[in-house]
Amino acid sequence: LEEGLIFERDDYARTGVDLPEPPRVAGRLGGLERNRPIGLPGLTEPEAVRHYTRLSRQNYAIDLGLFPLGSCTMKHNPRLNEKMARLPGFADIHPLAPVDTVQGALAVIDELAHWLVTLTGMHAVAMSPKAGAHGELCGLLAIRSAHDAAGSDRSVILVPESAHGTNPATAAFCGYKVENIPATADGRVDLAALTARLGPDVAGVMITNPNTCGLFERDMKRISDAVHEAGGYVYCDGANFNAIVGRVRPGDLGVDAMHINLHKTFSTPHGGGGPGSGPVVLSEALAPYAPLPFVARQADGGFKLVEEETAGEDHPGSFGRMTAFHGQMGMFTRALTYILSHGADGLRQVSEDAVLNANYVLRSLDDLLEAPFGDSGPCMHEALFSDEGLAQGFTTLDIAKGLIDEGFHPMTMYFPLVVHGAMLIEPTETESKAALDQFIGALRSVAGRARAGDEALKAAPAFAPRRRLDETAAARKPVLVWKDEALPQAAE
Amino acid sequence: LEEGLIFERDDYARTGVDLPEPPRVAGRLGGLERNRPIGLPGLTEPEAVRHYTRLSRQNYAIDLGLFPLGSCTMKHNPRLNEKMARLPGFADIHPLAPVDTVQGALAVIDELAHWLVTLTGMHAVAMSPKAGAHGELCGLLAIRSAHDAAGSDRSVILVPESAHGTNPATAAFCGYKVENIPATADGRVDLAALTARLGPDVAGVMITNPNTCGLFERDMKRISDAVHEAGGYVYCDGANFNAIVGRVRPGDLGVDAMHINLHKTFSTPHGGGGPGSGPVVLSEALAPYAPLPFVARQADGGFKLVEEETAGEDHPGSFGRMTAFHGQMGMFTRALTYILSHGADGLRQVSEDAVLNANYVLRSLDDLLEAPFGDSGPCMHEALFSDEGLAQGFTTLDIAKGLIDEGFHPMTMYFPLVVHGAMLIEPTETESKAALDQFIGALRSVAGRARAGDEALKAAPAFAPRRRLDETAAARKPVLVWKDEALPQAAE
Amino acid sequence: MRYLPLTDADRSAMLARIGAASIDDLFVDVPEAARLAGPIAGLPAHASELAVERHMSRLARRNLSAGEAPFFLGCGAYRHHVPASVDHLIQRGEFLTSYTPYQPEIAQGTLQALFEFQTQVARLFGCDVANASMYDGSTACWEAITMARRVTKRDKAILSAGLHPHYVSLAKTMARFTGDRLDAAIPDLTPGAPGDDMARLLAAIDGETSCVVVQNPNILGHVADLSELAARCHEKGALLVAVVTEPVALGAIRSPGEMGADIVVGEGQSIGVGLNFGGPYVGLFACAEKHVRQMPGRLAGVTADADGQRGFVLTLSTREQHIRREKATSNICTNAGLCALAFSVHLTLLGETGLRRLAELNHAGAVAAAERLAQVPGVELVNGAFFNEFTLKLPREARPVVRSLADKGILGGVSLGRLYPGEAALAGGLVVAVTETASAEDVETLAQALEAEIAA
Amino acid sequence: MRYLPLTDADRSAMLARIGAASIDDLFVDVPEAARLAGPIAGLPAHASELAVERHMSRLARRNLSAGEAPFFLGCGAYRHHVPASVDHLIQRGEFLTSYTPYQPEIAQGTLQALFEFQTQVARLFGCDVANASMYDGSTACWEAITMARRVTKRDKAILSAGLHPHYVSLAKTMARFTGDRLDAAIPDLTPGAPGDDMARLLAAIDGETSCVVVQNPNILGHVADLSELAARCHEKGALLVAVVTEPVALGAIRSPGEMGADIVVGEGQSIGVGLNFGGPYVGLFACAEKHVRQMPGRLAGVTADADGQRGFVLTLSTREQHIRREKATSNICTNAGLCALAFSVHLTLLGETGLRRLAELNHAGAVAAAERLAQVPGVELVNGAFFNEFTLKLPREARPVVRSLADKGILGGVSLGRLYPGEAALAGGLVVAVTETASAEDVETLAQALEAEIAA
């Protein structure tokens, strides 16, 4: 059965809530009383449960199978995390509640902050960024603040071509010019070219490590040294921190700022596109500029919230607030639960298994799919292939859609941009060998068909809730909301 | 992707729990230490979540669509009920905890008991029966106890042919002989025949009202009077109480005992086959024999648990305990939540809408499907059809399997036994008119094909997780557990 | 109202299709005298979620939940930590809101899960086959006695003194009506006593005995070897029915099936289900393959579909009430499907490795606790061998001690006085269960409080 | 370890396939000096669920949760009752554990839900279109200012004194780096004052103004008609950006879109999401259709599949960072999908009827509370018009009063001293929010405690 839109039903009189009759009072709405219907359909609880349950079944999810989206880190989301985040002591407290009544919440923030700093070998952490890109913004604002404080007006940020789109977008969003750094043939940042470009106009570099080709930047420390030497700062995109957590500390590589996607490395759920959470660890040089608010442990063991009021004395260099309230508390409880569950030995095993799984995929496919950096050393947590060798007219997209028919979510397509028809596969550590073997078998079958030019593949997917969807048509004349002729009157 | 059995994997070394290293102690197992592996595969949490999530998707459920199983009352299960049952104050208390520490739990039992007695117009209620059939047992034991107390050894229970199978089975299970009562042509108990059979050997009758043909037993009060006159008791199968709750009180019809399926009338979930809960309301005549334990309100507003210890003084006639502990507490919290949510007006509306929905189905189909008692008055909460008029070789089973392909769960098939190829449809009150119209359309289409002799229908279902399953083969050589050649050794 | 999708407009349209003028016309068959004019008296009108939640939460707060107190209660219901994923999975609508799998093509999820459950239970109990669950351990126990009657065509059952007294009570209730003969006894609290009444049982078995029913670990926590008892039963043509109320024990000790039991029943609550003030729980039922047609309850079995694909169905339903009616093996219909699923999910998460580790942890904790508590002056440890539960003999009546501990926020155990009211010889008995949820500090808290109580 | 499915045997087999001798061989590209020899110092080893749950529960208990206290906090985050089914539905694995719908054929659930969300938000705000969510209200507000800059090609934004001070603070942070010019002010606490700075705003709009940003209801709870402001903006070629932090208000009052706002942003937390100590929340963003290509964030749109069936996809991604990189309308990538779903489910359960009723209840409760609290000697009600939140002027500094109430277990409101530290004129301000979760007894408790505080 197809599930229609809530707007396509005659449901403007229904409601799924029972509310008492409001007492009669003389209203004080100042003449602003609503005088037209809003146009919101209502469903009773049985209908709503059915509507959303049916919708949910049109989705693929980690709970259903491997979700090998490179750079997205779709790992298992532990259910204990969900349970802890829903404890009323965490879920039902107000962000402006008196600080004495939320000491447990501040302790969670402080404890998570402590482990993030420890795991990264950095100096401090800004907890309030709301997602990875927001964390990037935080890091770049800290860099700009540091330069401002030094009276420098450097205006350029260097970014490798293989960077996530958020890197250049963020740099631009806070007023920087963006220039690309070239890569070496083996898929890494070209140290010589980078060094050559450094100069008094360069505020810093944004580097992803492990990078989006799935490779560790061997020269990271040298890059950092060169950038520092030239008066710049090093921002590290931490989206791939899950490959090295417990084995490598970015602080040891000279990084000045790095965001940590709690929804990647630390297993908080992606939820169909968020919420994320992007705390930013900072070096000693950048720590003074960290945003408000933050949590400070006091001598008596209690916690204090440093906000605008006391920032003047406690934290005079702060570049200010970058969101209302304190960040993604619900994600903090989940991430802390995850860190404590895994512990030091577990987190190290996490990155080892993530890297092992990726290399297993790489070496189980590189005879059939072109691995452009297959000779550049082991991959880290993700394996990269190109579309070279496919039959005329067959593309990465065909392979992706073919995988859907085999029961798998496709890999990341066409990213990074530096590889033609890129396919970026990140299995994560929470996949079993049996699941990987099944996936490898399916991908080999589909890749074989694409190499052989099996025309049927171009019609894939055939067994999904929808056949191939026309994205061009959608963009040509965008329909972004439901429109109906006349809204019915709201019923009483 | 097909989901294999947990036993078909190489998973004997894995576990989805982390437990600390046990301290070393000198064991005191008396030489009974296990010396062979058990043979239990383990899955890590990601694997287990995926295994059971995938399995779940092979199921149809109310959350996915109409589930019109006659006599089974598949109505919406409110999520508030689930939330309330999981409050630690209810879910995490021990049945033998000191009574002072569980006063809230006893209050729930007492409050629910009060409303069940009120809604049925009866005298008392035994809360401990675990399900409907267990409730029937409770009722019949009360009847036997009453006869025993009166020095009577009546040995026969009369049961209509249309009764649920549990009725005769229960009567036999507690030592009664079962005799059938004939029905009139209009689908109701034959009062004259019943009266003629009554006599000094008849302990009582078991009647379902509304009956399993979906009809209200108009003569219920007269039946009760006749049975009482003859020295017997009236057991009412309460499986269909949902048709009359809030409009009719069984106590007013002379009923002596009736179980209430909390998982039907009061919306606790069926869970793929239980748990149920079958409290039994009792008349003044039978109340003295109610089982242990029960909850008694004390003068100070507190609650006392009457168990074996004090039964001698508080409740000397009790026939004893019929289960460990106090019954299905988890279902009590759900049912009470439901009753309070609906309130007096809501419960009345429930039965009205249930009956309205059933009559709507009946009158939307009776031109195409034979309704054997279509002229016997309105149906109550369920509509009954027979297979008359289907093409040669086409059966109720074909219609059922055809409905699966239309996206619906089939109705109850071949029950009640009094109608050839019976199809018993119970929509319940939680279905919308739109959902009913869709279902009616689908059933009309399938019934039309069965009347026309469309051979393709015999191959249905084609769009379910499985085609028709061979139940005969399963019973011929039953395979009830997985067997593998050699169990691997348990890993450390 | 939030659960009722019909609008007044719908109702009118539907009445019109039916040809009825009003809803009352659909209730014409209810005699006038039996019709209620208005809403049920005394019951308030419908209420918001918020209001209902407030009311229920208020009642919940009047209970002292196990998580709020040092907790040592057992005697047939055990508190173990249940992984969060168990509850998540059983709440999936496809499991929670489905029915008994009468239409197997669209119920493979439930059926496969039940088949896995049956296999897990059979292996855990050391039996050939298991059913898809009963209401709980106590009713499963009575079903086993009636099954033994059907198999042996004899009607005398001998119950061990170590059988849970509620299970005995239930059997006595039923036997009064069915005419089964029961030979029961109460346990012996003498410290150092063998802990079970093996000698009595061995002596009592005769040619009229349908079965011997023995619990292991028993109500006092004792564990015993059942092999000799099984041999004697079989010699006399009787069945050995074993009862397990703490299945976690089988991660550490040999299963009843391995020791020769013919039927093994149990309470599955301790794995996956939680305390729930006594219900819903899940009855486990396993036996030898040769008796399968006398087994009560539902069974999932393997078959193939029209395309030859493996699938699962309910099978052997010719034993059941909906087919056999008064000739059925039992009157059971609804069982405990969702609790069986919870049991199975939890056991799958544990696996062999986890169950064994869990059992070790329980045993180690219980041994340490028994040794500590036995140091309390005046207190004696009754048990020789035990798993995670043992019995203390206090120098005074245990019931008031338990109540007094509860006043201090300690749930210290189950007094035998509560289970065996009126049995003076047992009044000093306190049964203490120690699972992985009790910490060493909890044990110390109990020990000190007990010492204070006894000194008082 | 419970989340890691590889066994040691698997690892060996996989290393063999890879051709590596050990796991260390896969980390050869990490310079020796950067490799950690052993586990992270100070972090304990992996822990059981039970142990972690104990630790986290202990921390949770150190917070006074709203359900435990009379509760009146608002100022940008509101406590409403969320139906139990909302959380049940968003926890379905298919929603919870799916990704941004980049493969639309297998993400129709998320996409259709987002399309419905967009339509609900657009209708609620009275705008043509809405996006698929932002992080929260505060970041959405800044995004609206930058969008106005792109649309108008001007860089001066005028912020109302009634705009949430955190939103102002964020805008100031960003403007310092982007070079946008901001004209801000603090609110006026004079009782009887119009409650907003309409006159100042009207006067300030000029030919360089990109937008005026006005919150309604504002930080003090005032509601105001924005029509004149909208007209003046349009006259001067500026946009009117309206901010809604309490969308439930729109069940009772006219939407900003109806009053002429060009961009309406908001905090969606109060519908479906819960308090969560400030996050995650959900930013709402709606605007006129003509500006859609300048809009930040993701958009779900309608299309058809190869068979002509209707389906949904992410669209207009040429505005976004992953395509446009440094030329994108925003750097946002991950948004608040799951919170948007919660918002949408709750709003679907409410429907027109429920939302209006809920708004009525809130307003009625707030009016009654305002009247009661204004009777406390020395306390003045600042607001003329308001929805469910109003401001009291106390005869003494409000911050210590709030803290002192908290010591008595009452969460009595938000002091303006906390939001505007150092603004002496505002120190007496106490903002009180009254939703359907506050009972009449709660209000009375607050009134009496406030009276005692002020008298003290």
Side-chain angles (χ1 to χ4, degrees), chain B residues 15-17 22 25 30 32 39-40 42 52 55-56 58-63 84 87-89 92 94-95 98 101 104 130-131 133 165 168-170 172-173 178 216 271-276 309 320-321 324-325 328-330 343-344 346 360 378 432-433 464 466-467 474 479-482 490, chain C residues 5 10 14 26 29 39-40 43 45-46 56 59-60 62-65 73 89 92-94 97-98 100 105-106 108-110 119 123 135 138 166 169 173 253 277-280 301-303 305-306 311 315 321-322 325-326 328 331 334-335 337-338 349 351-354 360 364 367 385 406 421:
Chain B
T15 177
V17 299
V25 295
L32 268 192
L40 296 173
Y52 290 103
L55 283 191
S56 77
Q58 310 296 314
N59 272 3
Y60 194 91
I62 316 169
D63 281 5
M84 293 301 96
L87 292 172
D92 199 18
H94 192 282
T101 69
K130 297 288 222 176
T170 301
F173 201 61
V178 176
F216 192 86
E309 181 171 20
R321 187 178 286 272
F325 313 132
Q328 308 285 62
M329 180 67 188
Y360 183 69
S432 67
K433 179 171 177 295
R466 285 290 179 278
R467 312 288 304 270
V479 177
L480 308 175
V481 296
W482 179 254
Chain C
D10 291 333
M14 293 165 77
L26 302 180
D29 288 326
I40 287 286
L43 183 61
H46 67 280
M56 297 302 289
L59 293 179
R62 287 174 58 192
N63 301 321
L64 176 65
S65 72
L73 273 58
L89 289 166
R92 296 245 333 147
E94 292 91 334
T97 75
S98 67
T100 306
E105 295 86 357
I106 48 174
Q108 289 294 300
T110 292
T119 307
R123 290 184 178 188
Y135 306 134
S138 67
H166 285 178
S169 180
T173 297
I253 66 174
F277 199 51
V302 179
T303 189
D305 77 357
T315 191
Q321 44 74 24
H322 66 283
R325 300 176 78 83
E326 66 269 23
N331 75 330
T334 295
N335 52 19
L338 199 69
L349 284 162
E352 184 98 14
T353 314
E360 276 180 68
V367 168

Note: vs chain C, highest number of non-hydrogen pairs under 4.5 angstrom among B:Gly274, B:Ala133, B:Pro88 is B:Gly274

Of B:Leu87, B:Val481, B:Asp63, the largest count of non-hydrogen pairs under 4.5 angstrom with chain C goes to B:Val481

Looking only at C:Asp29, C:Leu338, C:Leu64, C:Asp10, the option with the highest number of non-hydrogen pairs under 4.5 Å against chain B is C:Asp29

Highest number of heavy-atom pairs under 4.5 Å with chain B among C:Ala364, C:Gly301, C:Gly311, C:Pro280 belongs to C:Pro280

Greatest number of non-hydrogen atom pairs under 4.5 angstrom with chain C, of B:Gly89, B:Ala172, B:Pro98, falls to B:Gly89

Cut-off 4.5 Å, heavy atoms of chain B, and the answer for C:Leu89 is side chain

Under 4.5 Å to a heavy atom of chain C? For B:Val479 that would be both

Assert top hit (heavy-atom pairs under 4.5 Å, partner chain B, pool C:Val302, C:Thr100, C:Thr97) equals C:Thr97

Scored by heavy-atom pairs under 4.5 Å with chain C, the best of B:Gly272, B:Pro378, B:Ala464 is B:Gly272

Hits for side chain to side chain contact (heavy atoms under 4.5 Å, CB included) against C:Ser98, two or more places apart or cross-chain, chain-then-number order -> B:Asn59, B:Ala61, C:Thr110

To the nearest 0.5 Å, atom CG of C:Leu349 lies from atom OH of B:Tyr52 at 7.5 Å

Going by atom types only, do C:Ser65 and B:Asp92 share a side-chain donor-acceptor pair under 3.5 Å? no

Assert top hit (heavy-atom pairs under 4.5 Å, partner chain C, pool B:Gly346, B:Ala324, B:Gly30, B:Ser432) equals B:Ala324

Subject >> Under 3.5 Å donor-acceptor, B:Thr15 side chain and B:Gly42 backbone >> reply: no

*Within the side chain of B:Gln328, is there an N or O that forms a donor-acceptor pair under 3.5 Å with the backbone of B:Ala131?*
no

Hits for salt bridge (charged side-chain N to carboxylate O under 4.0 Å, His left out) against C:Glu105, two or more places apart or cross-chain, chain-then-number order -> B:Lys401

Most contact-rich option vs chain C, by heavy-atom pairs under 4.5 angstrom, among B:Gln58, B:Lys130, B:His94, is B:His94

Ranking C:Ala406, C:Gly354, C:Gly279, C:Ala328 by heavy-atom pairs under 4.5 Å to chain B gives rank one to C:Gly279

Applying a strict 4.5 Å limit to non-hydrogen atoms, the region of C:Thr315 in contact with chain B is side chain

Tightest non-hydrogen contact, residues C:Thr303 and B:Ala474, listed as CB-CB, 3.7 Å

The reported gap from CG in C:Asn331 to OG1 in B:Thr170 (rounded to nearest 0.5 angstrom) is 3.5 Å

dist B:Arg321:CZ -> C:His166:NE2 (nearest 0.5 Å) comes out at 3.5 Å

Of C:Ala385, C:Pro5, C:Gly351, the largest count of non-hydrogen pairs under 4.5 angstrom with chain B goes to C:Pro5

